[in-house]
Structures are given as C-alpha cells and as structure tokens.
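Encoded as structure tokens, the structure appears first; notes follow it.
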Protein chains: 2
Amino acid sequence: MTASPSESAYPTAPSTVPGVEAIVAEMTDAIHEHRIQPGAKLREDELGDIFNVSRTLVRQALHKLEHSGLVTIQRNRGAFVAKPSIKEAREVFEARALLEPQTARAAAERASAQDIECLEKHIEDEHAAIHRNEMGLALKLSGDFHLEIARIADQDTIEAFLRQLISRSSLVIALYWRRRNAICESHAHHALIDALRDGDCNSAEELMKGHLLDIFSQLDLRDRPDGAASLKEALKR
Amino acid sequence: MTASPSESAYPTAPSTVPGVEAIVAEMTDAIHEHRIQPGAKLREDELGDIFNVSRTLVRQALHKLEHSGLVTIQRNRGAFVAKPSIKEAREVFEARALLEPQTARAAAERASAQDIECLEKHIEDEHAAIHRNEMGLALKLSGDFHLEIARIADQDTIEAFLRQLISRSSLVIALYWRRRNAICESHAHHALIDALRDGDCNSAEELMKGHLLDIFSQLDLRDRPDGAASLKEALKR
DNA sequence: TGGGCAAAAATTGTATACGATTTCCCCCAA
DNA sequence: TTGGGGGAAATCGTATACAATTTTTGCCCA
C-alpha cells in the first residue's frame with residue numbers, strides 16, 4: 001500500500017526551488033517590462049551562464065514560462081518570447097472580460113482597510129514609475145494591480161488564470177498598443193479603489209468591465225503581427 | 001540583436017516530445033477515470049520503469065500534470081495526485097460558471113452539422129460506457145463533452161482553462177460525489193445539443209448554467225476527505 | 001554573383017551520475 | 001509498551017555527459 005498524506009493542496013505549493021522560481025521571476029519581469037521583445041530567442045546555455053545554473057534549471061524555468069504563456073517552445077528549435085496572434089489577443093481580453101468584473105465585485109465585498117492601503121500603494125508606485133518615464137515598469141505594476149484584486153477576492157483559481165492572462169496582455173500591449181503613453185494611467189484604477197473602499201459591488205463590477213473595454217479599444221488589431229519579418233531584414237543585413 | 005522568426009504561436013505548440021505527451025495523456029486518463037485515487041504518491045523511477053523512460057521525462061510529465069492541476073509536487077517529497085480542498089472545489093465550479101455559459105452561447109452561434117454529429121457521438125460513447133458500468137470512463141467522456149463545446153466555440157484560451165478546470169472537477173467528483181451513479185447522465189447534454197443544433201444561444205447559455213449548478217449541487221462539500229491509494233496496477237495494462 | 005550541397009558548429013533532447021533530503025526501520029531506554 | 005534517537009535505504013534535486021537535430025559555414029560550380 002503506497003499511501004501518503006499529501007496535504008490537501010493549495011494552488012501551487014512550494015514545489016520548485018527558489019533557484020528556478022528566481023529565474024522565472026526575473027525573466028517574467030524582464031518580459032513584462034518589455035526589456036525583452038516578443039520573438040526574441042532564449043538560448044538555454046546563455047541563460048545558464050547569466051544565472052549561473054545548469055541547463056536543467058533553465059529548462060524548468062522555460063517550461064514554466066511556456067505554461068504562463070510568456071514563452072513559446074518549439075521542439076528542437078528552442079524557446080522564444082511569445083508573440084500572440086491577433087486572435088489570441090482578442091481571446092485574452094474576452095476571457096478577462098468574463099473573469100475580472102465578477103472578481104472585482106467579490107473583492108468589493110471582502111476588501112479590508114489593509115487591502116485598500118495595499119492597492120493605493122500600488123498606484124503610487126505606478127505613478128512614480130510613470131514620472132520617471134519607466135513605462136515598462138509602470139505597465140507591470142498596472143498588471144499587478146489587477147492581480148491584487150483577485151487576491152483580495154480570495155479566488156486562488158481565478159487568480160492563477162488571471163496571472164496568465166495579464167502576462168499575455170503585456171505581450172499583446174507590446175505588440176499592438178497604439179500610443180506609447182497613458183497606459184492605464186486613467187483614473188480607472190482610482191475609481192475602482194473608491195468602489196472597493198465603499199463596498200460598492202455594482203460599481204466595482206461595472207468599472208472593471210468598462211476599464212477592460214477601454215484598454216481593449218486602444219489596441220490596433222488590424223495590422224500584421226509579424227513585424228519581425230520586415231524588422232529582421234532591416235536589422236540583420 | 002538576437003531577433004528570430006518565431007512563428008506567431010498558437011496556444012501550446014508541438015513543443016514536447018510524443019514521449020512526454022504520451023505519458024501525460026496516459027496518466028491524465030488514469031486519473032480522470034479514477035484508476036488512481038487522489039492523494040496517491042507518484043514515484044519518479046517507478047513511473048520511469050512503467051513507461052520505460054528515464055526520470056528526466058517522467059519529471060517533465062509530472063510538472064505538466066502539476067500545471068494542469070492534476071498533480072501536486074512538494075519539494076523533496078515527491079508528486080501526488082492532487083486532492084482539492086473544499087475551497088478549491090467551490091472555486092473550480094465558480095470559475096466554470098463564469099466561463100462555460102458564455103462559451104456555450106458562442107458555440108451555439110457557430111456549431112456546424114459536423115460539430116453536432118461529433119457531440120452526438122460523444123454522448124453515444126458515454127452511454128455505452130455507462131451500460132458497461134465503466135463509470136470512470138463515462139465521467140471522462142462527460143468532461144470531454146464540455147471541452148468539445150469550447151472547441152466548437154473556437155476559443156483556444158478558454159478551452160485551455162476549461163481543460164484544467166474539468167481535470168480538477170474530476171478530482172472533486174472523486175472526492176466529494178454523493179452517489180456513485182447518475183453522473184451527468186441526465187438529459188442535460190441532450191438538451192444542450194438540441195440548443196446548439198437550433199442555434200438557440202439563449203437556451204444554450206441557460207442550459208449550461210443550470211447544468212453546472214446541477215452538478216455542483218450534487219457534491220457533498222462538508223466532509224473531510226482522507227483516502228489512501230494504491231498505484232502501479234492502475235497504469236500499466 | 002548566386003544557388004545548392006556537405007561538413008562543421010551550435011543547440012536542444014535524453015540519460016545517467018552524484019549529492020542532498022527525506023523516509024523508514026530497528027534498537028534501546030524510560 | 002511506548003517514545004525517541006540514529007543510521008540505512010529510498011527518493012528527489014541538480015549537474016554533467018552524450019545523442020539527435022538544427023543551423024551555420026564554406027566550397028564548388030553554373
């Protein structure tokens with residue numbers, strides 16, 4: 001009888017080494033902040049040198065990143081920063097539109113004073129980043145804001161999905177954003193905080209729905225996604 | 001500049017070997033069909049012996065299964081078939097309730113005659129399994145039915161999420177189902193097919209919502225699950 | 001000059017080896 | 001009898017070695 005305790009397990013238990021998680025976190029940040037462009041190749045031993053670990057751990061990290069949608073792995077060809085198609089871009093925001101308004105509503109029902117404080121700090125950091133003109137960082141913090149709401153709603157499962165969706169949103173924005181300024185810098189997040197503080201579920205839900213539509217409407221989803229083809233020829237030779 | 005073509009990539013490209021995928025598929029089936037119980041320990045070299053591969057590939061497979069929510073990995077302690085908590089069980093069905101009705105609606109708008117045929121075949125197989133008293137197989141087929149609807153809706157992103165949710169639903173049912181009979185055997189799936197055939201979006205959406213509530217209401221989410229498990233025989237035929 | 005082909009280099013895929021941690025079992029003392 | 005070491009065995013984590021595949025390079029010839 002090969003039985004085992006196996007604790008009733010929460011989302012993703014502390015399953016992997018700090019080593020792997022550190023690599024994943026660092027690469028996630030780099031991609032979220034657009035310091036690595038969609039389509040960039042990620043060589044295993046190159047990353048191994050950078051992080052001073054063997055390819056084994058790099059591979060684990062790349063597989064995790066693939067799962068989160070930030071990286072695409074092609075057999076025998078290697079890993080690349082993902083390059084969402086237009087269809088995928090649409091799907092990402094459609095899925096967010098299904099999940100987030102309801103989550104904001106739940107968060108409004110549960111938010112504590114401490115939670116509100118935390119959200120306000122997020123916004124401060126975001127504004128600070130914008131004023132320093134670090135738009136990549138600002139975008140990442142803006143994504144974290146949405147994740148924080150899922151955390152407040154105490155919805156681990158949806159939070160995990162949102163983590164993936166927000167990651168991919170970052171890539172979508174890198175590829176399809178129209179203007180390089182004014183990223184979520186609108187008052188939308190402020191208004192959301194107000195609704196959460198007041199426990200106004202209906203407002204929170206509606207504000208989130210509108211906010212997502214607003215972001216989506218600022219994407220330019222007509223062009224060809226493969227700017228790489230022309231870009232590559234322009235740069236390569 | 002390390003640019004690269006990197007095809008605009010769809011959900012999960014053919015990234016991993018047939019070897020790993022075969023292991024994942026076989027174990028997924030075994031867990032879905034309840035041939036391995038929640039909490040069962042999954043030793044790496046034991047699985048390596050069973051599938052005649054090295055631990056390297058087994059580890060890859062286990063990590064993939066962890067991503068899909070079927071397996072829990074604890075550092076230095078090993079992998080176990082996941083054992084969703086009651087909270088997680090609730091969350092899984094809440095998330096399904098957010099995603100599936102809308103997906104059924106979209107499917108109703110797009111379903112072709114061929115799609116309908118495919119769904120009907122699914123139901124036939126499911127009934128056949130029930131009559132042979134293979135309840136595990138029937139349950140798995142029932143899950144596949146829901147996935148098929150997402151495929152018809154042409155929503156790759158949501159389909160990927162649903163795959164995880166349905167996997168976990170299978171575990172939830174293994175742990176918390178009240179009566180061992182009558183799994184989704186209701187007319188719900190038949191009614192859904194009718195709505196899809198008629199292109200009746202509203203009905204499809206409502207039927208799906210009701211169907212999910214119906215399943216959820218048959219769970220007993222008060223007890224504390226604690227089961228031991230035997231492995232080995234369930235996998236290799 | 002440009003295309004095509006073959007060999008070399010680079011890169012990824014898989015297996016194995018070894019160190020680290022946990023688990024199990026036996027023995028002994030209270 | 002029971003509870004607690006302590007060491008051996010089992011198991012997992014990471015690095016390295018080698019095989020398979022792809023990509024690049026260099027050469028020849030039209």
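So you know, we letter chains A, B, ... as the sequences are listed, proteins then strands, and number each from 1.
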Using OP1 and OP2 only, check whether a side-chain N or O of A:Arg75 sits under 4.0 Å from C:dT14.
yes
D:dT14 P sits how many Å from A:Glu21 CD, rounded?
11 Å
Want to settle it: does A:Thr56 or A:Gly78 sit nearer the 5' end of DNA chain C, counting the closest nucleotide to each?
A:Gly78
Taking OP1 and OP2 of C:dG13, is either one under 4.0 Å from a side-chain nitrogen or oxygen of A:Arg59?
yes
Measuring from the side chain of A:Ser54 (C-beta onward, heavy atoms only), which nucleotide among C:dT12, D:dT16, D:dC12 has the closest atom?
D:dT16
Test item: side-chain donor near acceptor, A:Arg163 and A:Ser68, under 3.5 Å:
no
Would you kindly give the CZ-to-C1' distance between A:Phe80 and C:dT12, to the nearest whole Å?
11 Å
When the distance from CD of A:Gln74 to P of D:dT21 is rounded to whole Å, what number comes out?
17 Å
Taking the side chain of B:Val53 as its heavy atoms from C-beta onward, which of D:dC12, C:dA15, C:dT11 lies nearest to it?
C:dA15
Does B:Arg77 put a side-chain nitrogen or oxygen below 4.0 Å from OP1 or OP2 of C:dT22?
no
Nucleotide C:dT21, atom C1' - distance to CD1 of B:Ile73 in whole Å:
16 Å
Is it true that a side-chain atom of B:Glu159 and a backbone atom of B:Leu147 form a donor plus acceptor pair closer than 3.5 Å?
no
Would you kindly give the CD-to-C1' distance between A:Glu44 and D:dA20, to the nearest whole Å?
14 Å
Let me know the distance between CG of B:Asp45 and C1' of D:dG13, rounded to the nearest Å.
13 Å
Mind checking whether A:Phe145 and A:His189 have parallel, tilted or perpendicular rings, split at 30° and 60°?
parallel
Would you mind reading off the distance between B:Leu57 atom CG and C:dG13 atom P, rounded to a whole angstrom?
11 Å
Any side-chain heavy atom of B:His63 sitting closer than 4.5 Å to one from B:Ile73?
yes
Distance check needed: D:dT16 C1' versus B:Arg55 CZ, whole Å only.
14 Å
Are the side chains of B:Lys87 and B:Arg90 in contact, using a 4.5 Å heavy-atom criterion?
no
